[in-house]
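Comments concern the structure below.
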Protein chains: 2
Amino acid sequence: MTETGPAVLIVEDEPQMRRFLRAALGSHGFKLLEASTAREAVQLATSHNPELILLDLGLPDGDGIDLTRQLREWCTAPIIVISARGREEDKVQALDAGADDYLTKPFGTNELLARMRVSLRHAQQVGSSAASPILQVGELRIDLGRREVAVGDRQVRLTPIEYKLLVYLARNAGRVLTHRQILAEIWGSTHGVQAHHVRVHMAELRKRIEVDPAQPKLLLTEPGVGYRLRDRS
Amino acid sequence: MTETGPAVLIVEDEPQMRRFLRAALGSHGFKLLEASTAREAVQLATSHNPELILLDLGLPDGDGIDLTRQLREWCTAPIIVISARGREEDKVQALDAGADDYLTKPFGTNELLARMRVSLRHAQQVGSSAASPILQVGELRIDLGRREVAVGDRQVRLTPIEYKLLVYLARNAGRVLTHRQILAEIWGSTHGVQAHHVRVHMAELRKRIEVDPAQPKLLLTEPGVGYRLRDRS
DNA sequence: GCAGCGCGTCAAGAAGACGTCAAGACTGAC
DNA sequence: GTCAGTCTTGACGTCTTCTTGACGCGCTGC
């Protein structure tokens, strides 16, 4: 299984700079998300919850400083500002608005990567000491930080695929997820992988989290469509 | 003004620069500690446990990078490197050695202060767990200052890599660390180093800290993911 | 009734991950 | 130079997990 690195959101409107960043980061295993406007950036940050944000201050729609402030209201991912403006005041403003670092163009790939490592290091420490994020759906508790799953009081051990499946379902609790969506999320490209896989692993998952796997109360089948995790009893 | 602000350790040998920093920081309520050599820096850091360290790379006795690495063994206070060297490689080295930021001379007071605020903000989030030089996880005791490890009453001798591994695991006790994370933390950039290394050294570590290495109680394998140090029974 | 389809279950085997051992390379001390 | 301690690397057996195919059930349309 190829493990993908951290998801990084790039907020940058110049195509040239984006190409540069894509080249610099893509080869290091990062999963890239790209936005060229502030609006798009907020959308992507909300939907994908990236682990790090690279933000160019010069955006067409609105100030990058404001965007920083806006993101910081709910998003804890480190923000590294990239800017052509090298004035001290700009740096101070960005850092005080909530940015974690400030790089002035032009800069080298290696410095960028090193500063990203610093930020990711910080994020990890914060995550470990702060209360870890927990998904709770009815009886089900998923501690994402510790990678632990419990049903009621019972601790449950899951294989990597089962865990991925369950987290995906829990993140979309109540919503129906189609086979196609599940295949894309868990297996990535859907080449050669079939809906049958989903069924097999769902059965395994039911054995672990359901009281009676034959009468599922949590993991519901939506015939002809997909699966759904019940979010309220 | 009553000086009740955070304690900041300044490591700098040029008197002129020290005067500048003293002037820049003193008026902002920081409590200042000053060292002009690496040896002195370690002493002051140990005795006063400052909340932030400003470190000039060009010291008379020894490399600043080494000092950074040495401090990071047990000290979690943010380190901001100040240097006349602006070469990208220097920055990367310092940041990877454990520094949290890198400022190239000349720089403005306001930028320095802003970057210090960022670092202190981070340190605060990480929380009070930062201060203790001793890590305790169940039976396991790691004295970071003395670099000593004990399981129960039994003192344990570890090789450098084993020690690093154990400290990393203990700092994240309870949570699963992926192979990728472990490789990045212990070996730095993961080029050429494989998950196999982790397995070999984990086996060594188990031989030393487990009662029965074949039935690990502390150092648990999470198949397909990584390893975890048990923090509660 | 019965073929066609989607779904759940089971089991076998493949693939890959893991633990262990041991041989060499490398390092710093002497 | 030798020597001890450590790290890397490869080989190999074991175990877990994933894939894949077979089969039975229930539903639907004919």
Self-check item: From D/dT9, C/dG8, D/dC18, nucleotide with atom closest to A/T159 side chain
Solution: D/dC18

Exercise. Let me know the distance between CD of B/Q194 and P of C/dG16, rounded to the nearest Å.
Key: 15 Å

Exercise. Starting from P on C/dA17, measure out to CE on B/M202 and report it in whole angstrom.
Key: 16 Å

Quiz item: Side chain of B/R157: nearest nucleotide among D/dT16, D/dG21, D/dG5?
Solution: D/dG5

Exercise. Taking only the side-chain nitrogens and oxygens of B/W187, find out if one of them lies under 4.0 Å from OP1 or OP2 of D/dC7.
Key: no

Practice problem: Send over the distance from A/E162 CD to D/dT16 C1', rounded to a whole Å. | Solution: 11 Å

Practice problem: Specify the separation, in whole Å, of atom OH of B/Y163 and atom P of D/dT6. | Solution: 15 Å

Quiz item: What residues, two or more places apart in sequence or in another chain, satisfy salt bridge (Lys or Arg N to Asp or Glu O under 4.0 Å) together with A/R141?
Solution: none

Practice problem: Look at the side-chain N and O atoms of B/R199 and state whether any lies under 4.0 Å from the OP1 or OP2 oxygen of C/dG19. | Solution: no

Exercise. Go through C/dT20, D/dG21, C/dG8 for me and flag the one nearest to the B/V200 side chain.
Key: C/dT20

Self-check item: Phosphate-side-chain proximity, A/H197 and D/dC18, N/O vs OP1/OP2 below 4.0 Å
Solution: no

Exercise. Nearest-nucleotide wise, let me know which of B/E222 and A/A214 is further upstream toward the 5' end of DNA chain C.
Key: A/A214

Exercise. Determine, for B/K91 against B/E88, whether the closest basic-nitrogen to carboxylate-oxygen distance falls under 4.0 angstrom.
Key: no

Quiz item: A/E204 CD to D/dC18 C1': how many Å, rounded?
Solution: 10 Å

Exercise. Calculate the interatomic distance between A/L165 atom CG and D/dC18 atom C1'; express it in whole Å.
Key: 13 Å

Quiz item: Hey, is B/R72 close enough to B/D100 for a salt bridge, meaning N to O under 4.0 Å?
Solution: yes

Quiz item: Mapping A/G224 and A/K207 onto DNA chain C by nearest heavy atom, which one lands closer to the 5' end?
Solution: A/G224

Self-check item: NZ/NE/NH1/NH2 to OD/OE distance under 4.0 Å, A/E162 and A/R208
Solution: yes

Quiz item: For B/H179 and C/dA17, is the shortest distance between a side-chain N/O and OP1 or OP2 below 4.0 Å?
Solution: no

Exercise. Give a yes/no on whether any side-chain N or O of A/Y227 is located under 4.0 angstrom from OP1 or OP2 of C/dG8.
Key: yes

Practice problem: Could you work out which one of D/dC7, D/dT17, C/dG8 sits closest to the side chain of B/I161? | Solution: D/dC7

Quiz item: Do the side chains of A/L158 and A/L166 get nearer than 4.5 Å, heavy atoms only?
Solution: yes

Quiz item: Whole-Å distance between D/dG5 P and B/R208 CZ?
Solution: 11 Å

Quiz item: Taking only N and O in the side chain of B/H201, is any of them less than 4.0 Å away from OP1 or OP2 of D/dT6?
Solution: no

Quiz item: Are the charged groups of B/R228 and A/E148 less than 4.0 angstrom apart, N to O?
Solution: yes

Quiz prompt | Atom-pair distance (CG on B/L205; C1' on D/dC7), nearest Å | solution = 15 Å

Practice problem: Could you check B/H196 against B/L158 and say which one's nearest nucleotide on DNA chain D is further toward the 5' end? | Solution: B/L158

